[in-house]
There are 2 protein chains.
Amino acid sequence: MAGNGQRATLRTVAERLGISVSTVSRALSGQGGRYRIRPETVGAVRAAAADLQFRPDPVARGLRMRRTHSLGLVVPDAANPFFAEIAASVADAARLRGHAVLLCDSRETTEREAEAVRLLMDRKVDGLIVCPVGLRADHLEACRAGGLPVVVADRIVGSPPLPFVAADNAAGGRMAAAYLVKRGHRRIGLLQGLPGSTPNEERKTAFLAELARHGIPRRLVPVAGEEFSEAAGAGAASALLDRHPGLTALFALSNVVAMGALRVLAARGISVPRDLSILGFDDHPYAALLATPLTVIAQPVEDLGRRAAETLFDRIEGRAPSRARAAVRLPVRLVERASVAAQPPDATKGTRP
Amino acid sequence: MAGNGQRATLRTVAERLGISVSTVSRALSGQGGRYRIRPETVGAVRAAAADLQFRPDPVARGLRMRRTHSLGLVVPDAANPFFAEIAASVADAARLRGHAVLLCDSRETTEREAEAVRLLMDRKVDGLIVCPVGLRADHLEACRAGGLPVVVADRIVGSPPLPFVAADNAAGGRMAAAYLVKRGHRRIGLLQGLPGSTPNEERKTAFLAELARHGIPRRLVPVAGEEFSEAAGAGAASALLDRHPGLTALFALSNVVAMGALRVLAARGISVPRDLSILGFDDHPYAALLATPLTVIAQPVEDLGRRAAETLFDRIEGRAPSRARAAVRLPVRLVERASVAAQPPDATKGTRP
DNA sequence: ATGGCTTGCACAAACGATTGTGCTGATACA
DNA sequence: TGTATCAGCACAATCGTTTGTGCAAGCCAT
């Protein structure tokens, strides 16, 4: 071991052995056979490289190869447990492949997201995983056009859709409706997230359709909410409570929306599930420890990140043509806790809420 | 605008103007004055660059300049709300400086942490923010020795300590003790995290000292727990409850430890704070919505990340010599909710628990 | 002995930026 | 007229890799 301060480069190794850099490069990259390097030479190179603790410089390699072995991850809010878990699982998947993860937080704005995408493209990441904020996807389409593999997670954007990994939102919506009905609820309010976004529309549409199948037409189901945020969830809950006092249950289309609702219920002294039942979309680590353990439709968040990374690697490594459409749907499941009460069948069935 | 598919390089710009790359480089980097480039030339270069949408390649620049304008962030668990929020604030601070953030998750093991540090050093990050897992810090000392700026956050490691940004743990310990005593508690158990780690020792020492000042000697304060994890917190809570049934309050030294304790209390049907009071270290977004809104010693988590990034940039940009010791302490505060009951003064005062 | 084939490696050109050092023409000055 | 000075730019090396091609030496066959 020759720890002479400076980092070893190919040249260091080559000079020590009195051979050329190209030979060293080929010997180390396993191209010894293809380029007819003598096995003894390869052995000597390996030994010298190990001895000098040679590690190829990813920056130089990136310049030459136009591949940086890194990928970009853009999330709307890195502090949100949902995206934090996605980040964790993406980081893990990337590590296994020897890739680095460049993390950007779009702070829930499309401008920041576009800026992040530009930054990451400039940095020559090999691929991009984006949990898009909103509805437009020009900047993402541009990546695809530029030949940069992109996979979106959670939400689906673009037409035709960009390759995506998402939860089976429709199934979740149906399960939610069926469950609430089974528990005897018929006057149900819907706390939605961002209207027009895929998770919102898929969940909402399936939910309303399933309610309709059970004899509750959609005009009897009040809907409120304008985005996926705690504040919007609180606002939506307040609005619904004020305008439709007869509701017995609320279905919140995301974890933060549910949390916003819980805060206003707590503030108003409304007891869950005695006075009002709540069903949420998205689980989170502390849902079971809440004042009322929250019953939820849980997404497999960790899988979401892992599958997104795998889908991306398929494209990066050319196993899937980058023009191919990937469409991965992950199953959701109902986690029954205590926030949805069994509602005694009542006479007001079908009453306009 | 000439969108001819390929990205513009310095050469593209130079050729369009019929001048050399070096002139273009200097004109764009504001070195026009130092190198006596004619102002009209500079203007023409700027215009052409804008027209061609030239953006310098960070990879090539990184190779030449040995500065990548990126920084590494290593956390023990990216999905933990505490570290997720640190990640979010670091990402934001980095964005403001035009730096990218490379995120690594050490999964709470020192080996992974060392591996991550190696990866990041290889990638030539300009600096490193590490939330260390454990007690040893050889790999971090090695960075410092190698001239790579390092700042540790949350925990303090190394001797002499690496530059750090941490909460005022001792003050937190004192506040906790004083508060519990003020509420009438005298038989108190301590649920610790990783023994030997700085947050743990600072919090514990100050807590026990303050209790002693109030006439509760440390031999009367049972301590359990071996690491900062929910499982360990649960185990420690079980052990304390079994061996010291007379306790009226528990002080948990981290958020996850408190959560573990809450789970066993819930499982055992012990009501908080009626049967037992709980005080936690670390706030989190949903603490107020828990079955019993948790009273905590809150750390300014966002500041922790931001200050760590700022401290790092000071070193990267040479404002602080990298041999200088940075030692930033951030104030903590008591957030009073409902998990600590006022304990009636009792006759068993001083009784061995 | 000579031509051709293989073996085993070296040379050099990229990749795209930065930067020290020339080099040329014009002006100024003696 | 000769030369010193300066403006204004070009040339080329460099960072550390990868990779197409060239080129000697050895071997075989004729």
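Per chain, numbering begins at 1; letters A, B, ... match sequence-line order. Side chains included, hydrogens not; waters and symmetry mates left out as well; all remaining heavy atoms used.
Side-chain N or O atoms of Arg7(A) include one that pairs as donor or acceptor with a backbone N or O of Arg55(A) at under 3.5 Å. Side-chain atoms of Ser70(B) do not come within 3.5 Å of backbone N or O of His99(B) as any donor-acceptor pair. Counting only distance, with no hydrogens or angles, the side chain of Ser89(A) and the backbone of Glu302(A) share a donor-acceptor pair below 3.5 Å.
One distance of note links CG of Leu330(A) with CG of Asp154(A); it measures 11.0 Å at 0.5 Å rounding. Taken from CG in Leu63(B) to CZ in Arg64(A), the straight-line distance is 12.5 Å, to the nearest 0.5 Å.
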Name every donor-acceptor pair, under 3.5 Å, that has one atom in a side chain of residues 27-48 of chain A and the other anywhere in the protein, sequence neighbours excluded.
| unit_1 | atom_1 | unit_2 | atom_2 | d |
| --- | --- | --- | --- | --- |
| Ser29(A) | OG | Ser25(A) | O | 3.0 |
| Ser29(A) | OG | Arg26(A) | O | 3.4 |

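Nucleotide dC15(C) holds its P atom 22 Å from the CZ atom of Arg123(A), rounded to whole Å. In this structure, the CD1 atom of Ile37(B) is 15 Å from the C1' atom of dC6(D), given to the nearest Å. Between the CZ atom of Arg67(B) and the P atom of dT14(D) there is a distance of 23 Å, rounded to whole Å.
Backbone-only engagement by Gly18(A) is indicated by non-hydrogen atom pairs under 4.0 Å involving sugar-phosphate atoms exclusively.
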* Can you check each nucleotide of nucleotides 16-26 of chain D against protein heavy atoms at under 4.0 Å and return B for base, S for sugar-phosphate only, - for none, in 5' to 3' order? => BBBBB------
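Ion pairing of Asp92(B) with Arg107(A) is present here, as a side-chain N (NZ or NE/NH1/NH2) and a carboxylate O approach within less than 4.0 Å.
Atom CZ of Arg329(A) sits in a crowded spot, with more than 12 heavy atoms from other residues, nucleotides or ligands closer than 6.0 Å.
Using a 4.0 Å cut-off on heavy atoms, the residues of residues 38-45 of chain B that approach DNA chain D are Arg38(B), Thr41(B), listed by number.
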